Amino acid sequence: MESKEDESKHDVFSDPSANAPAHLAPSNMTKLSDKFSSMETAHVPKLVLRSKVIIVGDSCVGKSALAQMFHSGGHMYPKNYVMTVGVDFLVREVQIPDTNATVELYMFDCAGQSIFNQRQMAEKLWENGSYVIVVYDVSSRASFQSAAKWLSSVRAIRPNSGGGPLPGLLVANKIDLREGGINSRAEVDSQEGLNFAQNNKLEYFECSALTGRDVERPFNFIASQYHMSYESTVRRANAPQNY
């Protein structure tokens with residue numbers, strides 16, 4: 001049985017010169033402590049913002065395909081058409097570059113058939129929206145002509161409150177159908193879409209949910225603008241008040 005004196009001889013912390021295991025040596029313990037201390041100092045709380053995005057447009061323009069492709073990072077294109085009944089709900093986080101902020105986009109993919117868009121239901125789905133995305137099919141002039149109806153219906157739920165109309169985007173989908181030269185199936189060109197967007201205070205984007213081309217651009221734009229709006233609000237709130 002070892003004595004107290006014997007025990008002290010084996011105490012690696014009582015004698016700095018003792019052969020302590022590398023990960024328990026006093027010098028390394030000090031370094032480890034410093035590392036955790038620096039980690040705590042460098043930690044920046046994550047800012048999470050939430051934005052409700054309303055997606056509307058005629059049936060068969062590719063609203064669900066667009067939302068699902070963005071939600072899946074371009075990995076889930078619906079091969080079979082399934083009619084949306086009421087609304088489909090999707091959420092995806094978008095990291096704002098060079099910041100600690102993340103914007104969670106709550107996407108409400110609304111049915112395009114009028115039977116599913118009676119006024120009472122629409123008011124519940126569209127209220128408190130942050131942005132509206134109006135989607136049309138470049139191969140369907142009828143869907144483009146319906147864009148004005150969809151936009152006015154959504155904006156009517158949230159009248160101007162001093163800050164202008166509900167911000168939104170016009171998205172021309174299925175631009176892959178413009179390919180083929182004389183055999184192109186497109187009925188609406190880019191200039192028509194851009195003119196409509198500018199006249200209605202919308203941002204204009206083109207994409208192809210089928211090929212994945214530029215699918216993320218409209219949603220990333222919304223996340224960036226929403227974050228910028230938040231930053232602007234914070235600056236105004238923190239600005240000195242002159243009385």
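Predicted, not measured: the structure shown is a model, and the values here were computed from it.
- Ser229 contributes no side-chain N or O that, together with a main-chain N or O of Gln225, makes up a donor-acceptor pair within less than 3.5 Å.
- The structure places CG of Asp176 at 10.0 Å from OG of Ser184, a figure rounded to the nearest 0.5 Å.
- Side chain of Ser224 to main chain of Asn220: no donor-acceptor pair is present (N/O by atom type, distance under 3.5 Å, no hydrogens or angles).
- Closest non-hydrogen pair, Ser51 versus Ile222, comes out as OG-CG2, 4.3 Å.
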Step by step, work out the side chain to side chain donor-acceptor pair (under 3.5 Å) result for Glu206 and Ser190.
CA-CA 8 Å; Glu206 296 185 339; Ser190 298; 2.5 Å; yes
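- Between Val138 and Ala172, the shortest heavy-atom distance links the atoms CG1-CB, 3.7 Å.
- For the residue pair Ser64 and Asp88, the shortest heavy atom distance occurs at OG-OD2, 4.3 Å.
- Annotation: side chain of Trp126 is in contact with side chain of Ser153 (closest heavy-atom distance under 4.5 Å).
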Kindly determine whether Ile55 and Met107 satisfy side chain to side chain contact (heavy atoms under 4.5 Å, CB included), including the steps that lead there.
CA-CA 7 Å; Ile55 306 174; Met107 296 169 281; 4.2 Å; yes
Please determine whether side chain to side chain donor-acceptor pair (under 3.5 Å) holds for the pair Ser143 and Asp58, giving the CA-CA distance in whole Å, both sets of side-chain angles, and the decisive distance to 0.1 Å.
CA-CA 6 Å; Ser143 71; Asp58 281 357; 5.4 Å; no
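- Partners of Tyr230 according to the side-chain hydrogen bond (donor to acceptor under 3.5 Å, both in side chains) rule, which considers only residues two or more places apart in sequence or in another chain, do not exist here.
- Residues Ile157 and Phe89 share a single hydrophobic cluster, defined by chaining ILVMFWY side chains whose heavy atoms lie under 4.5 Å apart.
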Under the criterion salt bridge (charged side-chain N to carboxylate O under 4.0 Å, His left out), I'd like the reasoning laid out for Asp109 against Lys63: C-alpha separation, chi angles, the key distance, then a yes or no.
CA-CA 7 Å; Asp109 169 23; Lys63 299 185 301 295; 5.1 Å; no
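- Contact between Ala223 and Val103 at its shortest, heavy atoms only, is O-CG2, 3.6 Å.
- Proximity of Phe196 to Phe144: side-chain heavy atoms (C-beta onward) are separated by under 4.5 Å at one or more points.
- For the atom pair OH (Tyr204) and CD (Gln191), the distance works out to 9.0 Å, reported to the nearest 0.5 Å.
- Although no hydrogens or angles enter the test, the distance criterion places no donor-acceptor pair under 3.5 Å between the side chain of Gln145 and the main chain of Lys149.
- Here the side chains of Ser232 and Arg236 are in contact, with some heavy-atom distance below 4.5 Å.
- In terms of modelled atom types and a separation under 3.5 Å, the side chain of Arg50 and the main chain of Glu104 share no donor-acceptor contact.
- Counting only heavy atoms from C-beta outward, the side chains of Arg213 and Ile175 approach each other to under 4.5 Å.
- Side-chain contact between Leu105 and Val91 is absent, with no heavy-atom pair separated by less than 4.5 Å.
- Remark: the Thr102 side chain and the Gln95 side chain contain an N/O donor-acceptor pair separated by less than 3.5 Å.
- Considering CG of Leu49 and NE2 of His227, their distance stands at 6.5 Å, rounded to 0.5 Å.
- Between Glu187 and Arg178, no side-chain nitrogen of the basic residue sits less than 4.0 Å from a carboxylate oxygen of the acidic one, so the salt-bridge criterion is not met.
- The cluster map of Ile, Leu, Val, Met, Phe, Trp and Tyr, joined by side-chain heavy atoms under 4.5 Å apart, puts Met228 and Val234 in different clusters.
- A cation-pi arrangement, defined by a distance under 6.0 Å to the six-membered ring centre and an angle within 45 degrees of its axis, is present between Arg92 and Phe70.
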Side chain to side chain contact (heavy atoms under 4.5 Å, CB included) between Asp214 and Phe205, worked out:
CA-CA 8 Å; Asp214 294 332; Phe205 290 88; over 6 Å; no
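- How far CD1 of Ile133 is from CD1 of Ile54: 10.0 Å, rounded to the nearest 0.5 Å.
- Taking CZ of Phe108 as the start and CD of Glu127 as the end, the distance is 9.5 Å to the nearest 0.5 Å.
- Here the closest non-hydrogen pair linking Asn173 and Ala209 is OD1-N, 3.1 Å.
- Electrostatic pairing of Arg141 and Glu192 counts as a salt bridge here, judged by a charged N lying under 4.0 Å from a carboxylate O.
- Taking each heavy atom of Leu169 and Leu202 in turn, the nearest pair found is N-CD2, 3.9 Å.
- Both Val94 and Leu47 are members of a single hydrophobic cluster when ILVMFWY side chains are connected at heavy-atom separations under 4.5 Å.
- The aromatic rings of Tyr131 and Tyr226 stand perpendicular to each other, their planes meeting at an angle above 60°, with 30° marking the opposite boundary.
- Annotation: the span from Leu66 atom CG to His71 atom NE2 amounts to 13.0 Å, rounded to 0.5 Å.
- Using a 4.5 Å heavy-atom cutoff, the side chains of Cys207 and Val171 are in contact.
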